[in-house]
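Every heavy atom of this structure was used, including side-chain atoms; hydrogens, water molecules and symmetry mates were not. In listed order, ligands and their atoms are each counted from 1.
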Amino acid sequence: MKVLVINCGSSSLKYQILDMSTESLLAKGLVERIGMDGSVLTHQKIGLDEKNVVEATMNDHKEAISQVITVLADPVFGVVKSMADIGAVGHRVVHAGEKYSASVIINEDVIEALEECIELAPLHNPPNLLGIAACREIMPKTPQIAVFDTAFHQTMPPESYMYAIPYEYYEKYSIRRYGFHGTSHKYVADRAAYMLGVSIDDLKIITCHLGNGASVSAIKRGKCIDTSMGFTPLAGLAMGTRSGSVDPAIIQFIAEKEKRSIDGVLEILNKKSGMLGVSGVSSDFRDLEEAVKDGNERAALALQVFAHRVRYYIGAYMAEMNGLDALVFTAGVGENDTGMRDVICAELGNLGIKLDPVKNRVRGREAIISRDDSRVAIMMIPTNEELVIARDTYSLANKKIGLSRGV
Ligand code: ADP
């Protein structure tokens, strides 16, 4: 079965199509500027060097998905004969609240539940729902599956997910820690167990998803027991442009001093803080490292703040799990930034975390990068959120097809 994986943003749409008989990627692409002037689709068939760039008016997500399907069936750049060749569609959905702790086949009830979650993820869930609606319209007979960023974290115990605020706000407004990047944390934890040749049920793992958005999770016996993001993806680590956790009283203080609304301050904490805010240079770690080489002290400080926060969570989660077997780095920074991995691990030797500077020079492939005498295995594992989405989609679509055949 060929599975199409869709990740819809407000004006963009990323997709991949995989052949699930071999779990191989056939093609991937990106649509940008949906609903704006200059909409463009960039498509790449795996194995072909040349990319197919389609500049066409795409007024909404439905038109964007129609273009994606056209290019997927293109005689040169395509990988399917027709739309009917797509066995199922998997949608990345950011927030499922407390409703779903696993992926689901989309039906009217699911849509309704996700609409109720819009207020929990006002930036993310609406475009996710637009993508779902467009695919259901264009491919009404194809099973559509939702895979949630929040689902993997639903195993957290109440003491991890409850905020110490009046309980009624949890009851009335569902205010609690949810956590995000769940498919990535799950994927790399499973891979870590596989690489170590140990059942995940016997492992305590900390997964560091360090990208533009960044989060750390504590995974005990395969279940997430804590994670650094919270009610929203603003909490926890310092990130590219996000502050991560701050003293909440700062919000009112900045609002007063800078004459801004609460929304205005949250915008600053989301878009003008983190690495960008501290350094004044960039949100991109590569730019910061270049600036450090030129002697920029604030760029150096930003990177130190980032590493400090990651170490802080590693220590906290080791205490929560009473030990650690594997520390995993993934996502843009975690996979590529050998220097940052080095700085994070530098002061952790007494906790049994000892990085091997030579093995650490790895990029782009899975590797164990700790010294032989390190009690904790330090690992670099490229994430693959699309594969997790495709696997769940494949397995639920098979169930649906089985049920409809009365199997
Ligand atoms: P997201 O999916 O959250 O947008 P990614 O996981 O793709 O983010 O990570 C993107 C970030 O990874 C970039 O902003 C950049 O800072 C960092 N990055 C990518 N390559 C490198 C590299 N070679 N060295 C350092 N940082 C890198």
Open item on the list: Are any of the N/O atoms on Ser283, whether in the backbone or the side chain, positioned under 3.5 angstrom from an N/O atom of ligand 1?
Closed with: no
Open item on the list: Could you measure the distance from the CZ atom of Arg33 to the OG atom of Ser12? Nearest 0.5 Å is fine.
Closed with: 12.0 Å
Open item on the list: I'd like to know if the side chain of Asp284 pairs up with that of Ser282 as donor and acceptor (distance under 3.5 Å, no hydrogens or angles considered).
Closed with: no
Task: Any N or O of His209 closer than 3.5 Å to N or O of ligand 1 - done: no
Open item on the list: Considering Thr241, Thr338, Val333 one by one, which has a heavy atom nearer to atom 17 (C) of ligand 1 than any of the others?
Closed with: Val333
- [ ] Using only heavy-atom distances, determine whether the side chains of Tyr15 and His43 contain a donor-acceptor pair under 3.5 Å.
- [x] yes
Open item on the list: Are any of the N/O atoms on Leu210, whether in the backbone or the side chain, positioned under 3.5 angstrom from an N/O atom of ligand 1?
Closed with: no
Open item on the list: Quick one about His209 and Ser215 (side-chain donor to acceptor, distance below 3.5 Å, no hydrogens or angles considered), yes or no?
Closed with: no
Task: Sub-3.5 Å N/O-N/O distance, Phe285 and ligand 1 - done: yes
Task: Residue and atom name of the nearest protein heavy atom (relative to atom 24 (N) of ligand 1), distance in Å to one decimal - done: Arg286 CG, 3.5 Å
Task: For Asn336, the ligand 1 atoms whose distance to one of its heavy atoms is below 4.0 Å - done: 19 (C), 20 (N), 21 (C), 22 (C), 23 (N)
TODO: Starting from atom 8 (O) of ligand 1, locate the nearest protein heavy atom and write down its residue, its atom name and how far away it is, to 0.1 Å.
DONE: Asn212 N, 3.1 Å
Open item on the list: Going by the closest heavy atom to atom 18 (N) of ligand 1, which one wins out of Ser215, Gly334, Gly339, Gly332?
Closed with: Gly332
- [ ] Run the salt-bridge test on Arg176 and Glu98 with the 4.0 Å N-O cut-off and return the result as yes or no.
- [x] yes
TODO: Using only heavy-atom distances, determine whether the side chains of Ser184 and Thr383 contain a donor-acceptor pair under 3.5 Å.
DONE: yes
Task: Backbone or side-chain N or O of Ala331 under 3.5 Å from ligand 1 N or O - done: no
- [ ] State plainly whether the residues Asp60 and Lys62 are in salt-bridge range, i.e. N to O under 4.0 Å.
- [x] no
Task: Check: His185/Thr207 side-chain N/O donor and acceptor closer than 3.5 Å - done: yes
Open item on the list: Out of all atoms in ligand 1, which are within 4.0 Å of some heavy atom of Gly213? Include the element for each.
Closed with: 3 (O)
Task: ligand 1 atoms in contact with Asp337 (distance to a heavy atom under 4.0 Å) - done: 25 (C)
